[in-house]
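Quick note: numbers below take in every heavy atom, side chains included, and nothing from hydrogens, waters or symmetry partners.
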Amino acid sequence: MKIFSKIISVIVAILIFFTPAKIQASDGWTVAAESLGVLAAYKSALVSMLRLGNNVDAQMAAMRQDAKLNGTDKNRRDIEIVDNVMTRLINSGGYELRANSLPFVWHVNDEEKFNAACYPMNYITINRGLVKVFKGDENQLAAVLAHEMTHGTEQHSAKNYAKAIAQQLGAMMVGINVERGIDWNKLGGMVNYSIAKSITVPTEYEADAGGFYIMTDAGFNPGGGAAAMARMGYYLRYETRDFLEFDAHDKPSEETFSDHPDTDLREKKLAEMMTDYSCGHVEVKKFDRQYKVYVDGREVFTATNNSADYNNAAERAYYFAGGLAKGFHEYDSVEGWNFRPGAAGHTDFLTGDKVYRQVRETAFMFNLGEKIRFAVETAYQNEYRQNSRRKFKNIEIARRQYLERIKFESLNADGSLAEKLRINADVYNDYGKGELALKEIERAMAATNQDNIPECLAIRGRAKAICGDYDGALADVNSAVEKDPANLFNFLNRADVRRMRGEQELALADIDRALQIDDKVAVSYKLRGEIYDEIGDKVKAEESYRACYLAAKKNPESIPEEYLKKIDPKAAEKLRKQKELEKKSGEN
């Protein structure tokens with residue numbers, strides 16, 4: 001692992017020495033790569049990594065492998081917290097997927113180390129150690145997970161993996177059988193994920209910035225990112241003794257090309273983003289073991305450490321400041337703050353929204369309501385004179401325009417990518433992932449260059465059935481068959497919907513219609529065999545599976561073991577031994 005770090009450091013050193021300062025890091029890397037003769041390997045590897053990133057089978061394989069090798073967090077509360085955070089980020093966060101990117105999936109594994117990672121196919125693995133260090137804090141988890149989502153949306157993972165692979169292994173990813181799954185643990189041993197990301201350290205800052213907007217759009221506290229960095233910095237310096245857990249710096253004050261930028265610098269930048277988010281009004285400054293919160297230079301709260309945990313003060317200050325920042329961001333005038341008499345003669349303000357909980361509770365505890373009101377009123381008066389709100393709102397306008405460009409490019413992607421969206425949805429259905437299939441098929445149907453809307457309807461209908469909407473499913477598949485009765489897959493999708501509705505005879509009739517169109521498609525026989533097996537007709541099931549075996553060119557993995565033993569005993573035995581060998585290899 002350290003050997004690869006040194007090699008990358010050499011490349012970075014060459015980049016710094018030979019590249020003019022004005023050239024961006026990514027351009028500098030290209031110059032260095034070209035001079036070292038690895039640019040062609042990078043481009044080749046990138047094509048493979050982007051293709052892999054748009055492969056549902058690879059995404060599902062990565063998730064299965066993670067669960068198999070690293071287990072699943074046994075604390076159900078950890079999983080519930082992460083699921084809640086990820087669901088909010090995905091449904092409400094501000095981001096756009098590119099046409100060749102998959103929707104996000106995730107898993108909380110049983111690893112104790114403090115880490116999370118986003119694979120090229122938008123699979124996010126979260127170690128339970130990460131949840132433990134953050135003590136289940138949703139805002140800090142949101143900051144880290146939104147950071148990983150940005151690696152996915154910007155395709156950092158694919159690009160940086162490709163760079164590392166080019167440098168270390170050439171284009172080794174070309175030709176890998178993704179259906180059997182890539183051993184990401186072994187790949188990580190050769191090209192560690194963190195090292196791959198660190199080839200261009202600015203991508204970490206880009207991920208922090210993108211993650212900040214994703215999490216704030218989803219309603220999390222704007223101070224969560226800076227608080228997470230403060231907590232992370234404390235953990236790395238004072239709690240963990242595993243130097244491989246997360247590559248901390250020998251000198252925390254220095255920026256080096258390690259796994260990630262220094263946490264102090266990241267904390268500072270995220271705190272600055274929070275200030276910008278507040279239209280420039282709210283700022284947090286650190287003095288030894290104290291964190292002071294200012295509104296337009298006027299101190300309104302000082303957080304002092306009151307426990308054995310150094311970050312206690314940082315977290316309280318950032319969440320207090322984050323609530324104020326959210327108020328300034330949401331309301332264009334002081335009236336929106338709704339300052340009013342509260343309990344016990346205190347001044348209350350803002351709403352009961354969760355994002356304001358810490359600032360309102362702290363204000364009540366220390367009777368800060370009037371102090372905050374005076375500071376806020378003065379800030380708006382200064383804002384009107386300086387017209388500063390427009391300056392900071394322009395930052396968000398630029399980001400929205402950037403996301404709109406990505407959306408436009410995705411909607412207007414070429415026909416092959418539009419077709420791939422449709423295929424991806426169908427594959428998600430095959431895995432029983434109806435919700436993911438619905439997300440992907442809606443993108444497919446919205447694509448300008450989508451050339452097969454009837455098949456999209458059939459796939460959407462099957463996805464609805466998987467999700468339990470049987471009536472909506474039947475309406476879609478009926479429409480698909482009506483619009484294009486020459487497409488056998490429309491009949492097969494309707495057959496599967498009818499099967500899930502318990503209408504096996506109608507399902508079998510649809511399969512017969514599909515076979516009349518083309519009797520050489522293996523999946524038709526496979527589906528018929530499954531239905532006959534379900535209704536207990538073993539003879540017809542075996543007959544159907546025999547036809548499937550021939551149509552699939554004697555692929556043993558296409559047939560259930562029970563029937564393969566009768567159809568091709570030698571192939572069944574060979575497959576059994578192969579699976580045993582793979583199982584033993586995985587255990588080792």
Side-chain angles (χ1 to χ4, degrees), residues 50 53-60 63 83 86-106 121-124 146 149-150 152-155 214 217-218 400 402-484 487 489-490 492-494 496-497 500-501:
L50 289 175
N54 198 24
N55 187 304
V56 175
D57 288 318
Q59 186 187 62
M60 294 294 106
M63 184 159 57
D83 286 350
M86 281 298 300
T87 300
R88 283 177 63 185
L89 292 173
I90 287 170
N91 292 338
S92 304
Y95 70 96
E96 291 290 339
L97 292 174
R98 286 172 166 76
N100 63 339
S101 291
L102 296 172
F104 289 98
V105 297
W106 65 92
M121 66 290 295
N122 282 350
Y123 168 62
I124 298 178
M149 285 177 64
T150 303
T153 59
E154 297 302 318
Q155 298 179 327
I214 292 174
D217 284 350
R400 284 197 297 270
Y402 171 68
L403 294 178
E404 283 298 320
R405 286 199 301 273
I406 294 175
K407 184 177 181 179
F408 178 82
E409 291 169 2
S410 180
L411 288 173
N412 292 280
D414 64 40
S416 64
L417 284 174
E419 180 186 18
K420 190 65 167 66
L421 287 168
R422 185 174 77 245
I423 294 170
N424 285 344
D426 200 32
V427 177
Y428 276 129
N429 276 338
D430 291 341
Y431 281 103
K433 304 290 184 180
E435 291 185 0
L436 293 172
L438 285 173
K439 288 182 179 181
E440 200 74 342
I441 202 61
E442 291 299 340
R443 294 174 68 203
M445 295 178 75
T448 303
N449 294 312
Q450 181 55 249
D451 65 346
N452 200 332
I453 292 298
E455 190 170 301
C456 286
L457 284 168
I459 292 168
R460 189 176 71 177
R462 187 177 170 214
K464 286 181 179 179
I466 292 170
C467 293
D469 179 10
Y470 299 117
D471 291 340
L474 189 60
D476 272 350
V477 291
N478 281 341
S479 179
V481 169
E482 181 182 345
K483 291 178 182 295
D484 187 3
N487 187 333
F489 293 105
N490 292 339
L492 291 178
N493 276 294
R494 188 167 73 173
D496 206 19
V497 167
M500 286 183 269
R501 288 170 58 91

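- Ile406 contributes atom CD1, which lies 6.5 Å from atom OG1 of Thr153 (distance to the nearest 0.5 angstrom).
- For Lys439 against Pro103, the heavy-atom pair with the smallest separation is CD-CB, 4.5 Å.
- The side chain to side chain donor-acceptor pair (under 3.5 Å) check on Asp430 picks up Arg462, with sequence neighbours excluded.
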Evaluate the side-chain contact (heavy atoms from CB on, under 4.5 Å) criterion for residues Ser410 and Leu97: first the C-alpha distance (whole Å), next the side-chain angles of each, then the deciding distance (0.1 Å), finally the verdict.
CA-CA 8 Å; Ser410 180; Leu97 292 174; over 6 Å; no
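- For the atom pair Lys464 NZ and Asn429 CG, the distance stands at 12.0 Å (nearest 0.5 Å).
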Where do Met86 and Val105 land on the side-chain contact (heavy atoms from CB on, under 4.5 Å) test, with the steps shown first?
CA-CA 9 Å; Met86 281 298 300; Val105 297; over 6 Å; no
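- In this structure, CE on Met121 lies 11.5 Å from CE on Met63, to the nearest 0.5 angstrom.
- Nearest heavy-atom pair across Ala418 and Gln450 is O-NE2, 3.0 Å.
- Scanning both residues, Met149 and Tyr95, for their nearest heavy atoms gives CE-CE2, 3.7 Å.
- A donor-acceptor pair is defined here as one N or O able to donate and one able to accept, closer than 3.5 Å; such a pair exists between the side chain of Asp414 and the backbone of Leu417.
- The two residues Leu421 and Ala444 come nearest to each other via the heavy atoms CB-CB, 3.7 Å.
- No option in Leu457, Asp484, Asn490 other than Leu457 meets the side-chain contact (heavy atoms from CB on, under 4.5 Å) test with Ser479.
- The pair Arg443-Glu440 meets the salt-bridge criterion, since a charged nitrogen lies less than 4.0 angstrom from a carboxylate oxygen.
- If you take NZ on Lys433 and CG on Asn424, they are separated by 15.0 Å, rounding to the nearest 0.5 Å.
- With rounding to the nearest 0.5 angstrom, the CZ atom of Arg98 is 10.0 Å from the CD atom of Glu96.
- Between Leu102 and Tyr123, the closest side-chain pair of non-hydrogen atoms is not below 4.5 Å.
- Asn452 places none of its side-chain heavy atoms less than 4.5 Å from the side chain of Phe489.
- A salt bridge is defined here as a Lys NZ or Arg NE, NH1 or NH2 lying under 4.0 Å from an Asp or Glu carboxylate O, and Glu442 with Arg460 meets this definition.
- Closest heavy-atom contact between Ala473 and Val497: CB-CG1, 3.9 Å.
- Here the closest non-hydrogen pair linking Gln59 and Tyr428 is OE1-OH, 2.6 Å.
- You'll find the side chain of Asp471 reaches within 4.5 Å of the side chain of Arg501, heavy atoms only.
- Salt-bridge formation is detected for the pair Asp451/Arg422: a Lys NZ or Arg NE/NH1/NH2 atom is positioned less than 4.0 Å from an Asp or Glu carboxylate oxygen.
- Atom CG of Leu438 is separated from atom CD1 of Ile466 by 8.5 Å, given to the nearest 0.5 angstrom.
- Between Arg494 and Asp476 there is no salt bridge, since no side-chain N of the basic residue sits under 4.0 Å from a carboxylate O of the acidic one.
- Lys420 contributes a side-chain N or O that, together with a main-chain N or O of Asn54, makes up a donor-acceptor pair within less than 3.5 Å.
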